[in-house]
Amino acid sequence: CETAPPVQEMSGARQAIAVAREAGAADVAAEELEAAEASLRSAQQKLNNRDYLEARRAAMDAKAKAQIALKLAESDRESPPN
């Protein structure tokens with residue numbers, strides 16, 4: 001039974017989104033970054049409703065999506081210009 005708020009997961013998701021944004025994901029992986037931010041907003045709403053299990057899942061989803069956006073941004077920086 002999940003009774004504690006997912007503070008660590010929320011923080012991790014926020015941090016992953018910030019790192020992806022700093023890496024330029026807003027320019028090269030806008031869809032993925034927006035999906036991560038949408039998942040984080042969902043997690044925050046669930047947290048506000050004290051649905052901690054679903055908030056944890058949404059926060060973990062947000063972090064995973066942010067990591068995808070980060071990888072896309074990093075690979076774009078590493079690819080040679082056309």
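Computed over heavy atoms, backbone and side chain alike; hydrogens, waters and symmetry mates excluded.
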Counterpart residues, side-chain hydrogen bond (donor to acceptor under 3.5 Å, both in side chains), relative to [X] (two or more places apart):
X	value
E34	R41
E32	none
E54	R57
N49	none

- Message: My understanding is that only residues two or more places apart in sequence, or in another chain, count here; which of them pass salt bridge (charged side-chain N to carboxylate O under 4.0 Å, His left out) with K63?
- Response: none

- Task: Kindly write out the residues that satisfy side chain to side chain contact (heavy atoms under 4.5 Å, CB included) with M60, not counting sequence neighbours, or none if the list is empty.
- Result: E9, R56

- Task: Could I get the full list of side chain to side chain contact (heavy atoms under 4.5 Å, CB included) partners for A36, not counting sequence neighbours?
- Result: I17, K65, A66

Specify the closest pair of heavy atoms between [X] and [Y], including all atoms of both residues, with the distance to one decimal.
X	Y	value
A13	A62	CB-CB, 4.0 Å
P6	A55	CG-CB, 3.9 Å
Y52	A4	CB-O, 3.6 Å

- What side-chain hydrogen bond (donor to acceptor under 3.5 Å, both in side chains) pairs are there with at least one residue in residues 15-29, not counting sequence neighbours? R21-E37

- Query: Short question: side chain of S11, backbone of V7 - any donor-acceptor pair under 3.5 Å?
  - Reply: no

- Query: Does S42 use its side chain to pair, donor to acceptor, with the backbone of A38 at less than 3.5 Å?
  - Reply: no

- Connected hydrophobic set around L70, excluding itself, where side chains approach under 4.5 Å: V19

- Message: Test of understanding: clusters of I, L, V, M, F, W, Y form through side-chain heavy atoms closer than 4.5 Å, transitively. Do L47 and L40 belong to the same one?
- Response: yes

- Query: So how far is it from I68 CD1 to L33 CG, rounded to the nearest 0.5 Å?
  - Reply: 12.0 Å

